[in-house]
Each structure stands twice: as C-alpha cells, then as structure tokens.
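One structure below.
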Amino acid sequence: MTDSRAFRNSLAMFATGVTVVTAADQAGEPVGMTVSSFNSVSLDPPLILFSIGRDVRSLSVLRKAAGYAVSVLGVNQTDLSQRFASTGADKWQGIEPECGYGGAPLIPDAIATFECRPYAVHDGGDHEIFVGEVVGHHSRQTAEPLVFFGGSYRFLESQPLAPQ
C-alpha cells in the first residue's frame, strides 16, 4: 500500500498549470474552485477533463450544471488561485465575470478559457472525473502561465528552450 503523503509528494514533482473551474448553481449563483488536474482528451470532438474531490462542496453543482468553464490562470493571478482554493470565502468579491455557456461565469483576464457542455462523468476513486465538450474557447498567446510545482507557484522563463 502506498503512503498517501509520499504519493502526494511524488505527484508534486509533475509541474501543472493552474485553472479555476466555474459553473452556476440552479439559482444562477456562481461557484468556482482551483483545479490543477486539467488536460485535453480529444480534438474531434474537442474534449477536456478535470477532476474534483468527492468532498468538495460545489461538486453537486457541477454534476447538475448546464455548462462549466475552465479558466487557465496567468502568472499575475496567484491571488485568484488562492482565493478559489479556499473554502467559505466570498470568492467572487470584486470580480465581474462574463456569462459563458450554460451560465458559467468566466474569470476575467484568464490566459485561456474553455466553455464546455457536460459530456461525461467518471468514477475516479476519491474524485469524480468530468469530461466536457468544448463549445467555445479563447486565449491570449503572449501571456505567461501560472505553474504549480513542488508545492509552490512558479513561472516559466520567457524564452523557450531550443529544440533538441
């Protein structure tokens, strides 16, 4: 059996981008959470996935949502990542989101945004894996991504490495 802490420490050695997943509840109130388990699945149809812990309060909202959005955060949005990773705080204070597909609120100034319709939900142990069909997207090609590695926020060097 794998020690949970040691497993998490090993997983932390995989650098990830930082995203915020958002949706609206049945009353139209916005919910959102910071998620690092995000990736592409398919180009045809265009599918993405992310996973949410079964103990997350807004899991039921995502299960019922008509649509949701995944916003990729930039290096200057560490505060948003921390805000949406917390519980109980007014995550939306001072944020004026645009309304996306299915009423999902869109994080302003994200470096990329994917608006999705629900496609599938799968069992993932202590998480649920959401697969969304991308119905709209946009990005800022000159932006620098916020990266999470080894338990800390990081940023990339502005110049890509030369191909080997």
Remaining members of the apolar cluster that contains L43, side-chain heavy atoms under 4.5 Å: none
V70-Y101 co-clustered via ILVMFWY side chain contacts under 4.5 Å: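 No, no single cluster joins them.
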I need the [X] [atom1] to [Y] [atom2] distance, nearest 0.5 Å.
X    : Y    : atom1 : atom2 : value
D126 : D55  : CG    : CG    : 7.5 Å
F148 : L73  : CZ    : CG    : 12.5 Å
I95  : I107 : CD1   : CD1   : 5.0 Å
S4   : N9   : OG    : CG    : 10.5 Å
L80  : K91  : CG    : NZ    : 11.5 Å
I129 : H127 : CD1   : NE2   : 9.0 Å

Looking only at atom types and distance, does a side-chain atom of [X] sit under 3.5 Å from a main-chain N or O of [Y], one as donor and one as acceptor?
X    : Y    : answer
R140 : D109 : yes
T22  : P105 : yes
E115 : V135 : no
T19  : V35  : yes

Looking only at non-hydrogen atoms, find the nearest pair between [X] and [Y] and report the distance.
X    : Y    : result
L106 : A69  : CD2-CB, 3.5 Å
Y119 : P45  : OH-CG, 4.4 Å
C99  : G103 : SG-CA, 3.6 Å
G74  : I111 : CA-CG2, 3.7 Å
S42  : D44  : OG-N, 3.2 Å
A23  : A65  : CB-CB, 4.0 Å

Answer yes or no: are there more than 12 heavy-atom neighbours, outside [X] itself, under 6.0 Å from its atom [atom1]?
X    : atom1 : answer
H138 : NE2   : yes
R5   : CZ    : yes
F149 : CZ    : yes

Under-4.0 Å salt bridge between R54 and D123: yes
Sequence neighbours excluded, every pair satisfying side chain to side chain donor-acceptor pair (under 3.5 Å) that has a member inside residues 58-85: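 Those involving residues 58-85 are R63-E128, S81-Y153.
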Are side-chain heavy atoms of [X] and [Y] found at a separation under 4.5 Å?
X    : Y    : answer
V21  : L62  : yes
M33  : V20  : no
L146 : R154 : no

Modelled atom types, side-chain donor and acceptor of S139 and Q141, under 3.5 Å: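 Yes, Q141 and S139 have a side-chain donor paired with an acceptor closer than 3.5 Å.
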Derivation and outcome, side-chain contact (heavy atoms from CB on, under 4.5 Å), residues L156 and E144: CA-CA 7 Å; L156 300 177; E144 295 291 332; 4.3 Å; yes
Of F114, F50, F130, the residue whose pairing with F38 passes ring-ring contact (aromatic ring centres under 6.0 Å, His included):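 Of the listed options, the one satisfying the test is F114.
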V41: which of V134, I48, L47 passes side chain to side chain contact (heavy atoms under 4.5 Å, CB included):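 When V134, I48, L47 are each tested with V41, the side chain to side chain contact (heavy atoms under 4.5 Å, CB included) holds only for L47.
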Intermediate values then yes/no, side-chain contact (heavy atoms from CB on, under 4.5 Å), V147 and T16: CA-CA 6 Å; V147 177; T16 64; over 6 Å; no
